[in-house]
Every structure is written in C-alpha cells, then in structure tokens.
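Throughout, protein chains are lettered first and strands after them, A, B, ... in sequence-line order, and every chain is numbered starting at 1.
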There are 2 protein chains.
Amino acid sequence: MKNDVNLTVQALQRMPYYLQHLRKVDENGVQIISATAMANVLDLNEVLVRKDLSMICTSKGKPKSGFPVKELIDNIEDYLGYNNTMDAVLVGVGSLGKALLGNNEFSKFGLNIVAAFDIDEDIVGQVVCGKKVFPLEKLQNLCERMHIHIGILTVPAEFAQEAADRLVGSGVRAIWNFALIKLNAPDHVLVQNENLAASLAVLSQHLRNEMTEESKGVDLNEHTAL
Amino acid sequence: MKNDVNLTVQALQRMPYYLQHLRKVDENGVQIISATAMANVLDLNEVLVRKDLSMICTSKGKPKSGFPVKELIDNIEDYLGYNNTMDAVLVGVGSLGKALLGNNEFSKFGLNIVAAFDIDEDIVGQVVCGKKVFPLEKLQNLCERMHIHIGILTVPAEFAQEAADRLVGSGVRAIWNFALIKLNAPDHVLVQNENLAASLAVLSQHLRNEMTEESKGVDLNEHTAL
DNA sequence: TAGATTGTTAATCGATTAACAATC
DNA sequence: TAGATTGTTAATCGATTAACAATC
C-alpha cells in the first residue's frame, strides 16, 4: 500500500484504464508487463505510463522486464479505494438520481449508496432500486449517525447550492455534483463536478465539424485512408 | 450563429456553467453582464471568461458594460447544439444503460435516444423507459435508415471494442463511451470517454487525505478559518 | 555481453494568467 | 472627462514529452 503519495487528477483518471488492461492481461496469465507495452495499447506516452506506474507500485520496475501485473492491480485497486467501501447518500431522486441509484456497478468501484433524499412528498417514502427515499430533513441525522462522508448531488441547478450546504452541515467531506452549477463549499470539502452536458457539447462540436466538412464537399476518403 | 470557430475542450466544458449563470441573471432581468462579474461568481480568471465569451458571442463586448445576456444565451445554446436535436442510439441495456435511457433530462441538451440495443435475449424486445430494445443485429439497419450519428456505449469493457466497431460500421461519427477501456476507432469518429470511475477515484483520494490528516491530529480548525 | 527497459533531468507545449493599451 | 471593462500581447505554470544514463 503506497497511498501516501498524491497523484495529479490526470494521473488518477488514467488509473482505471491501466487497471482494466492489467486485469485483462492477468487473465491471460501475463505476470510482468512493461510500461512500453501498456503505453502502446492505451495510446499513451511511455514515459507517462512509466511515471504513473512507479508512483503507485510498491515494488520498483525491473529494467528489461517491467512491472509485476498482480502487484500493480492490487496497488491500483488499493489506491482507488476499491477495497474499502465508501458509503454515500444521494440527494435528488429525479430521473438522473434514480438512474444512479439503480446503477449497481458502483459497488465495483467501492461506492455504496446507503440512502436517498428528496423534498418531493410524492417520492419520499418510496423505495427506489432497493434504497429508501427520506425527506431532506432527515439528512443530517442519518449522515452523522452513519458517518457518511460522501454526498451525491442530483438536484436541479437552482436547488443545488442549498442541498450542498445541507450536505456540508451534515459532515460530508466530498460532493459528487451532477448539477451544472459552481458550488460554494468550504476548503476541506471536495466538489467533484460531473459534467455530462460538457461531454455532449464535445460530441456536438465534433458532429458539426463533420457535417460542415461534408457539405463543403471535402473528400471523405481522406478519413478512411490509412 | 458563430459556430465556425472551434473551442478547446476546456473552454467547451466551461460553457454549460456560463449558460446556467446567464439564464439565472436573465430571469432577474439583467441585460448586460461583464466577464469580470461572471468570473467572480464562477471562481474563474476574468481574462479566461472574457476570451471564452468573445469566442462565441456574435457581438463584441462593450467596454465599461460587458456582453448582452440574451445574446450570449442564444449563442451558447446554438454552439452547444441545444437547439438542433442529435439523435442517438444506446448499446448495452445493463444498469447504467437503463439509467441513461431513463434520464429524460438529456433532451435539454439536445440529445434524443431513439432506440436501444443489446445481445441479451431476456432484454431484447422489452420497452425500457419508453424505448424499445432491439437485438444488436438490427443496429446497422436502423442507424443507416434513421441517419444516426451518435452511439452511447454502456456495455461491459470486454465487449466495448466489438460494439464500437459495430457502431462505426453503422455510420456513427461520435461515440459516448462509458466503458472503462480505450477504444480504437478511425480518425473521423470521436470517442468521448465518460469516466465515472475516475471521478470516484478523485473523491476517494480526497477522503483518504482528510482521514489521515485527521488521525495525525492536525488542527481541524485550519479548515474553517477564513 | 547486448539490448530492452527503467528512472531522472531537461525541453516542449499549450492553457492559463498577467500586463497594458484601446474604448465606451 | 475618468474609470471600468474590453481585447491583445507577453509571461507563467504545469503537464507531457524527449534525451540519456543506469540497470538487469
């Protein structure tokens, strides 16, 4: 376990990709893998991969061979916290909130949503995907009692700041924010913004470029060449 | 409409936040807003905001006053493609796939999921959140017939490349990839990776830091100061 | 040994920020 | 006019990449 180092956000975001590939080669019985090989598969610079791996690997990479696969898998899983579950609460049981409640794949990543909260009386009391929906007033009590440190925010933007304040007041240390708004929170509370609209914007810009290029009559074969 | 310019991915990702704030001040009757004011609210550098706004705004910012709010809103919505809907198909109706199918907020961002596909015979034929699930074999036919250019990939990592190949073969130009794997696709096909695991990793690292700091007996008041 | 691969130090690159003249 | 705000050019900063010596 080497979790005293802090990775840059960028490095952190590459870790799940390393992990996926390592698990795959591990299944095929590969015991040692070089940063060079990983870099080629994942289309990354090999020095970058080498540095990333050396940051989290408990043993040193061996020249001519590489890094031990099983150890890397363990190290990354440990580093990403997949082995000690983080309990979380979800605030805002709209369509996105329901979506996340129903996504049982989060447990693979060490996340466990224990309860949901909403202000809508029609929703409160319901059980959505096995999780009970409580009125927002009960948030603080439950968080304190269960020592919850993560809040997932899936309320409309106009209510997001208020809900965030409540989460902070309930002792939450990290907010996974799906609302498209910049939240104000004290320094010790991390706000991780999940910006699905931004992703769609990237797609949209690309499609527009593709379409205008096409309408300009640019030779489409230039794409398929090579 | 000023959509011949291309924004950097970073600028594109700031746009939804600008839009949210602009809509809010517009509701309050504000007609002109300065980049300086926006920057303060959103905690961004004012030159950055000014540059971003000038990139997409059809009129120039006026010294001493700023940019016209309504025009900015229109320009950003146009630029992000919110006004001309992009049709998309979804491949992989697991828990995450179902989640996205059920998220009726995508329409606000110009995305319309017209159909879903899966290989699982138990799922094929079902109607999930008003969308019919077809067998994967029908993907190409439907995409070509309906001129679909966006594919949403929510299959497990091990099937993602195969599914991506099918999407590409069906004429898709952009893939919104929720699988944790680096996809190989031709140059003209954009792969936008949505890495929820990476976000969780950022949360996890922060919580670990918080916890170790606490156990070290660091004065917690340093957080609340200021 | 020879050569592939590691780890480190220096160079590059691009986004952000700072400085400042132009303008309403 | 005076001063706030814009737009532009130059400096900074940090991540990525390149170069190269060390090592198995």
Side-chain angles (χ1 to χ4, degrees), chain A residues 2 5-18 21-22 25 30-72 75-76 182 193 195 198 201-202 205, chain B residues 2 5-18 21-22 25 30-72 75-76 182 193 195 198 201-202 205:
Chain A
K2 193 177 178 180
V5 291
N6 264 355
L7 298 179
T8 61
V9 173
Q10 291 88 336
L12 215 42
Q13 297 191 338
R14 286 188 288 269
M15 290 295 154
Y17 292 98
Y18 295 145
H21 185 63
L22 288 164
V25 298
V30 177
Q31 299 192 335
I32 303 276
I33 193 168
S34 76
T36 317
M38 288 263 285
N40 287 337
V41 172
L42 299 175
D43 252 349
L44 295 168
N45 180 283
E46 61 171 282
V47 183
L48 190 70
V49 177
R50 193 136 55 223
K51 211 182 144 206
D52 284 348
L53 297 185
S54 69
M55 289 290 281
I56 54 96
C57 192
T58 36
S59 63
K60 283 204 156 191
K62 285 216 177 79
K64 195 156 179 193
S65 51
F67 295 82
V69 173
K70 283 223 189 295
E71 201 173 324
L72 280 177
N75 291 154
I76 294 178
K182 199 257 157 196
N193 294 304
N195 191 344
V202 176
Q205 175 171 277
Chain B
K2 193 177 176 179
V5 292
N6 264 354
L7 299 178
T8 62
V9 173
Q10 290 88 336
L12 214 43
Q13 297 191 338
R14 287 187 288 269
M15 290 296 154
Y17 292 99
Y18 296 145
H21 185 62
L22 289 164
V25 298
V30 177
Q31 299 191 338
I32 303 277
I33 193 168
S34 75
T36 317
M38 288 264 284
N40 288 337
V41 173
L42 299 175
D43 253 350
L44 294 169
N45 181 281
E46 61 170 283
V47 183
L48 190 69
V49 176
R50 193 138 52 226
K51 211 182 143 206
D52 284 348
L53 297 185
S54 69
M55 288 292 281
I56 54 95
C57 193
T58 35
S59 63
K60 280 204 160 191
K62 284 215 176 78
K64 196 159 177 189
S65 50
F67 296 81
V69 172
K70 282 223 189 297
E71 200 173 323
L72 279 177
N75 290 155
I76 295 178
K182 200 259 154 193
N193 295 304
N195 191 345
V202 176
Q205 175 171 277

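Here D/dG7 presents its P atom at 12 Å from CD1 of B/Ile56, a figure rounded to the nearest Å. Taking atom CG on B/Asn45 and atom P on D/dT12, their separation rounds to 15 Å, with Å as the unit. The distance between atom NZ of B/Lys51 and atom P of C/dA15, rounded to the nearest whole Å, is 8 Å. The distance from atom CG of A/Asn40 to atom C1' of D/dT17 is 15 Å, rounded to the nearest whole Å. Protein atom NZ of B/Lys62 is 11 Å distant from nucleotide atom P of D/dG7, rounded to whole Å. One interatomic measurement links the two molecules: CD of B/Glu46 to C1' of C/dA15, which rounds to 17 Å at whole-angstrom precision. The distance between atom CG of A/Leu7 and atom P of D/dT16, rounded to the nearest whole Å, is 11 Å. With rounding to whole Å, A/Leu48 atom CG is found 14 Å from C/dT12 atom C1'.
A close approach under 4.0 Å does occur between a side-chain nitrogen or oxygen of A/Arg50 and OP1 or OP2 of C/dT6. In this structure, B/Thr36 reaches the D/dT6 phosphate: one of its side-chain N or O atoms is under 4.0 Å from OP1 or OP2.
Residues A/Thr8 and B/Gly61 both approach DNA chain D. Their nearest nucleotides, taken by heavy-atom distance, put B/Gly61 toward the 5′ side.
When distances are taken from the side chain of B/Lys64 to each of D/dA4, C/dT17, D/dT23, the shortest belongs to D/dA4. With distances taken from any side-chain atom of A/Pro63 to the nucleotides C/dA4, C/dG7, C/dC24, the minimum falls on C/dA4. Between C/dG7, C/dA19, D/dT6, one nucleotide has an atom nearer to the side chain of B/Val47 than all others, and that is C/dA19. Taking the side chain of A/Gln10 as heavy atoms from C-beta on, and the options D/dT17, D/dT16, D/dT8, the nearest nucleotide is D/dT16.
Nucleotide D/dA15 forms a pair with C/dT12, judged by Watson-Crick or G-U wobble geometry with both contacts under 3.5 Å. Judged by Watson-Crick or G-U wobble contacts below 3.5 Å, the nucleotide C/dG3 has D/dC24 as its partner.
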Could you walk me through whether B/Leu22 and B/Lys70 pass side chain to side chain contact (heavy atoms under 4.5 Å, CB included), step by step? CA-CA 8 Å; B/Leu22 289 164; B/Lys70 282 223 189 297; over 6 Å; no
Working for side chain to side chain contact (heavy atoms under 4.5 Å, CB included), residues A/Met38 and A/Leu44: CA-CA 8 Å; A/Met38 288 263 285; A/Leu44 295 168; over 6 Å; no
Step by step, work out the side chain to side chain contact (heavy atoms under 4.5 Å, CB included) result for B/Leu42 and B/Arg14. CA-CA 10 Å; B/Leu42 299 175; B/Arg14 287 187 288 269; over 6 Å; no
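With hydrogens and angles ignored, the 3.5 Å screen pairs no side-chain donor or acceptor of B/Asp43 with any backbone N or O of A/Lys182.
Across all strands, A/Ala11 comes closer than 4.0 Å to no nucleic acid atom at all (heavy-atom distances).
By the 4.5 Å heavy-atom criterion applied to side chains, A/Leu72 and A/Ile56 are counted as neighbours.
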